[in-house]
Every structure is written in structure tokens, then in C-alpha cells.
Novice: 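Just dropping this structure here.
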Amino acid sequence: MESNRKTVIVTGASQGIGAGVTRAFLARGYNVVANARTATKSKELSASPQLALVDGDIGELETAHHLTDVALKNFGSIDAVVANAGIFSAKPFTAYTPDDLRSLVATNVAGFIYVAQLAVKQMHRQKSGGSVVGITAALADNPIAGLPASIPMITKGGLNALLRSLASEYAKDHIRFNAVAPGVVDTPLHAKNPKDFLATLSPMGTISTVEDIASAVVYLTEANQVTGEVLHVDGGAHNGKW
């Protein structure tokens with residue numbers, strides 16, 4: 001156990017943004033507890049003395065308990081959380097099913113709440129503040145008619161509101177709550193989507209990299225005077241029509 005190292009929990013970490021965020025924190029000297037349904041089978045991450053990989057569905061409370069237990073047993077503290085785990089599907093409003101709704105709420109909302117609650121309790125015990133960063137979406141602020149995603153945006157917009165509320169609730173405890181709101185990011189999620197089309201989804205005509213998002217997450221985690229912020233990393237898409 002290395003008490004001089006801070007410890008961060010990252011969910012949805014087996015690939016894409018979550019794996020990039022995990023690598024960024026390891027490079028900055030953090031201990032990381034990285035979670036995904038199949039984290040131990042990740043092709044992008046390998047367990048090490050500073051990285052614990054934990055399998056499990058973050059939409060289940062038991063997984064959140066396991067994550068926090070591993071963090072405390074292996075590293076002795078919980079100093080930050082990056083609630084990256086999320087699912088997304090784009091289709092007309094009337095095409096979403098009850099199963100779609102249950103899955104989106106379980107992963108995107110309950111998956112945030114469960115791990116954040118346990119982490120905040122531990123941060124209170126440590127009395128040294130802390131950081132929680134959620135990953136939301138630029139679409140929550142600026143819908144695009146050609147990319148219908150109304151039901152997923154209930155969850156992402158709800159997280160934006162929740163994080164702002166928590167920022168006020170825990171300001172005096174120096175536990176900060178922020179969000180990164182990406183636009184289109186070059187991840188396996190978009191592997192089959194034409195890059196030319198994806199580039200039209202921002203006024204800059206660019207696609208964010210995983211490193212772009214990871215840098216924003218690290219900034220919010222370490223920015224001691226920033227709380228209640230939704231940081232858009234979307235090429236300006238949240239500004240509106242272009």
C-alpha cells in the first residue's frame with residue numbers, strides 16, 4: 001500500500017474512453033481500480049501493482065461494493081471516481097422498448113449513483129475532499145434531428161442535473177462533482193460508422209480522440225476550484241446549429 005498515491009475508480013474501463021482515462025491516471029502516478037463487465041479480459045489494460053481490474057455489471061449495487069472494497073484493500077483510499085460506464089443507442093422515440101429503458105437507467109444512472117454514494121461515504125471518512133467526474137453527452141444540450149437519441153439523453157441530461165446538485169450539496173466538504181460531455185469520439189463504438197458522416201456532427205468538422213476526453217477528465221479531477229461544471233469536448237456541437 002502506497003499512501004502517497006491517490007486512488008481513482010474508473011468504470012467502463014475495458015476499452016475506448018475508459019481505458020484511455022485509466023492509462024492517463026496511471027501515467028500521472030495514481031492507483032486505479034478499473035471496472036467493466038469483462039475488465040480482466042481487456043486487450044488494452046493489464047493488471048499491475050498500481051492497477052486492479054474488477055469484473056462486474058456496474059448497474060448492480062454488489063459491483064459497486066466490490067469496487068470500493070478492492071480500492072481500500074489494495075490501496076487504502078478512494079480519492080476520485082470517473083463514472084464512465086454507459087450505453088447508447090440511437091433510434092426514433094417510439095422505437096425504444098421497456099427493456100431499452102431499463103438497461104439505460106441501470107447502467108447510465110444507477111451505475112453512477114451506486115459507486116458515487118459509496119465513494120462519497122469513504123471520502124467523508126478520509127476528510128480530504130475528493131472528485132467525482134461523470135461522462136455525459138453533448139447531445140443532451142443540443143439534439144440533432146438526424147441522430148435521434150431521446151431516451152439515452154434522459155439519462156445523460158439527468159446526470160448533468162444530478163452532478164450540479166451534488167456540487168452544491170458537498171461543496172463545504174471539498175468533494176467536487178463535474179462532467180465531461182463528449183460529442184463524437186473515435187472509439188470502437190463508432191468503428192462501423194463512416195468517418196465523413198461523423199465529422200459532420202460538429203461545427204469544427206472534427207472527431208475527438210480518446211486522449212482528448214481523458215485530458216478533460218484528468219483536468220476536472222485535479223482542478224481544485226472547479227465544481228458543478230459540464231465541460232464540453234465536442235468541437236463546439238453544444239453551441240447549436242451549424
Side-chain angles (χ1 to χ4, degrees), residues 10-12 16-18 21 57-59 64 81-117 119-120 131-171 175-185 187 189-190 193 198 200-204 207-208 212-214 216-217 219-221 223 226-242:
V10 181
T11 67
I17 292 173
V21 167
D57 179 356
I58 197 59
V81 171
V82 180
N84 167 72
I87 56 176
F88 174 83
S89 61
K91 54 186 172 181
F93 171 65
T94 54
Y96 286 100
T97 66
D99 284 343
D100 289 333
L101 179 59
R102 280 190 288 270
S103 295
L104 285 160
V105 171
T107 300
N108 296 359
V109 180
F112 171 88
I113 291 171
Y114 294 154
V115 70
Q117 284 180 323
V120 168
S131 167
V132 178
V133 176
I135 306 296
T136 62
L139 280 174
D141 297 300
N142 182 52
I144 298 173
L147 189 64
S150 54
I151 304 303
M153 290 311 106
I154 290 174
T155 65
K156 296 300 188 178
L159 281 181
N160 285 342
L162 174 60
L163 286 158
R164 285 192 291 265
S165 292
L166 292 172
S168 294
E169 184 175 347
Y170 289 98
I175 301 173
R176 298 176 297 103
F177 294 83
N178 297 289
V180 173
V184 176
V185 185
T187 69
L189 177 67
H190 294 297
N193 300 130
L198 294 176
T200 69
L201 299 178
S202 84
M204 290 179 66
I207 301 171
S208 298
D212 290 330
I213 309 305
V217 169
Y219 164 72
L220 290 174
T221 299
V226 179
T227 192
E229 181 69 30
V230 178
L231 178 56
H232 292 86
V233 185
D234 61 2
H238 67 286
N239 287 324
K241 189 174 181 179
W242 58 90

Novice: Please check this pair: side chain of Arg176 against backbone of Val226, looking for a donor-acceptor N/O pair closer than 3.5 Å.
Specialist: yes
Novice: Does Asn178 use its side chain to pair, donor to acceptor, with the backbone of Thr221 at less than 3.5 Å?
Specialist: no
Novice: Which heavy atom of Ala145 sits nearest to which heavy atom of Pro148, and what is that distance?
Specialist: O-CD, 3.8 Å
Novice: Going by heavy atoms in the side chains, are Ser165 and Phe177 under 4.5 Å from each other?
Specialist: no
Novice: How close do Gly12 and Ala85 get, heavy atom to heavy atom, and via which atoms?
Specialist: N-CB, 3.6 Å
Novice: Verify side-chain contact (heavy atoms from CB on, under 4.5 Å) between Ile175 and Val120, making sure each step is shown before the conclusion.
Specialist: CA-CA 8 Å; Ile175 301 173; Val120 168; 4.1 Å; yes
Novice: Give me the one residue out of Ile17, Ile207, Asp234, Ile135 that meets side-chain contact (heavy atoms from CB on, under 4.5 Å) with Val185.
Specialist: Ile17
Novice: Where is the tightest heavy-atom contact between Ala110 and Gly59, given as atom of each residue plus distance?
Specialist: CB-O, 4.4 Å
Novice: Would you give the length of the straight line joining atom CD of Glu229 to atom CG of Leu220, rounded to the nearest 0.5 angstrom?
Specialist: 7.0 Å
Novice: With a 4.5 Å cut-off on side-chain heavy atoms, are Leu163 and Val230 touching?
Specialist: no
Novice: If I compare all heavy atoms of Met204 with all of Gly235, which pair ends up nearest, and what's the gap?
Specialist: CG-O, 3.2 Å
Novice: Which atom names give the shortest non-hydrogen contact between Leu231 and Ala216, and what distance separates them?
Specialist: CD2-CB, 3.8 Å
Novice: Under the side-chain contact (heavy atoms from CB on, under 4.5 Å) rule, what do Asn239 and Asn142 come out as? Steps first, then yes or no, please.
Specialist: CA-CA 7 Å; Asn239 287 324; Asn142 182 52; over 6 Å; no
Novice: What's the spacing between Leu159 CG and Arg164 CZ if we round to 0.5 Å?
Specialist: 11.0 Å
Novice: Take atom OH of Tyr219 as the centre, draw a 6.0 Å sphere, and report whether it contains more than 12 heavy atoms from other residues, nucleotides or ligands.
Specialist: no
Novice: Atom CD1 of Ile213 and atom OG of Ser208: how far apart are they, to the nearest 0.5 Å?
Specialist: 4.5 Å
Novice: Angle between ring planes, His232 versus His238, binned at 30° and 60°: parallel, tilted or perpendicular?
Specialist: parallel
Novice: Side chains of Tyr96 and Ile154: does their closest heavy-atom pair fall under 4.5 Å?
Specialist: no
Novice: Can you measure from CG (Asn108) to CE (Met153) and round to the nearest 0.5 angstrom?
Specialist: 8.0 Å
Novice: Output the distance between atom OG1 (Thr136) and atom CG (Asn160), rounded to the nearest 0.5 Å.
Specialist: 4.0 Å
Novice: Do Val132 and Leu166 come within less than 4.5 Å of each other through their side chains, counting heavy atoms only?
Specialist: no
Novice: Give the minimum heavy-atom separation between Ala149 and Ser89, together with the two atoms involved.
Specialist: CB-O, 4.1 Å
Novice: Nearest 0.5 Å, please: how far is OG1 in Thr107 from CZ in Phe88?
Specialist: 14.5 Å
Novice: Quick one: are Val180 and Val133 in side-chain contact, heavy atoms under 4.5 Å?
Specialist: yes
Novice: Heavy atoms, side chains only, cut-off 4.5 Å: are Phe112 and Leu162 in contact?
Specialist: yes
Novice: Distance-only check: which donor-acceptor pairs under 3.5 Å involve side-chain atoms of residues 97-105, not counting sequence neighbours?
Specialist:
residue	atom	partner	partner atom	Å
Thr97	OG1	Asp99	N	3.4
Thr97	OG1	Asp100	N	3.1
Thr97	OG1	Asp100	OD2	3.2
Asp99	OD1	Arg102	NH2	2.4
Asp100	OD2	Lys91	NZ	2.8
Asp100	OD2	Thr97	N	2.9
Ser103	OG	Asp99	O	3.1

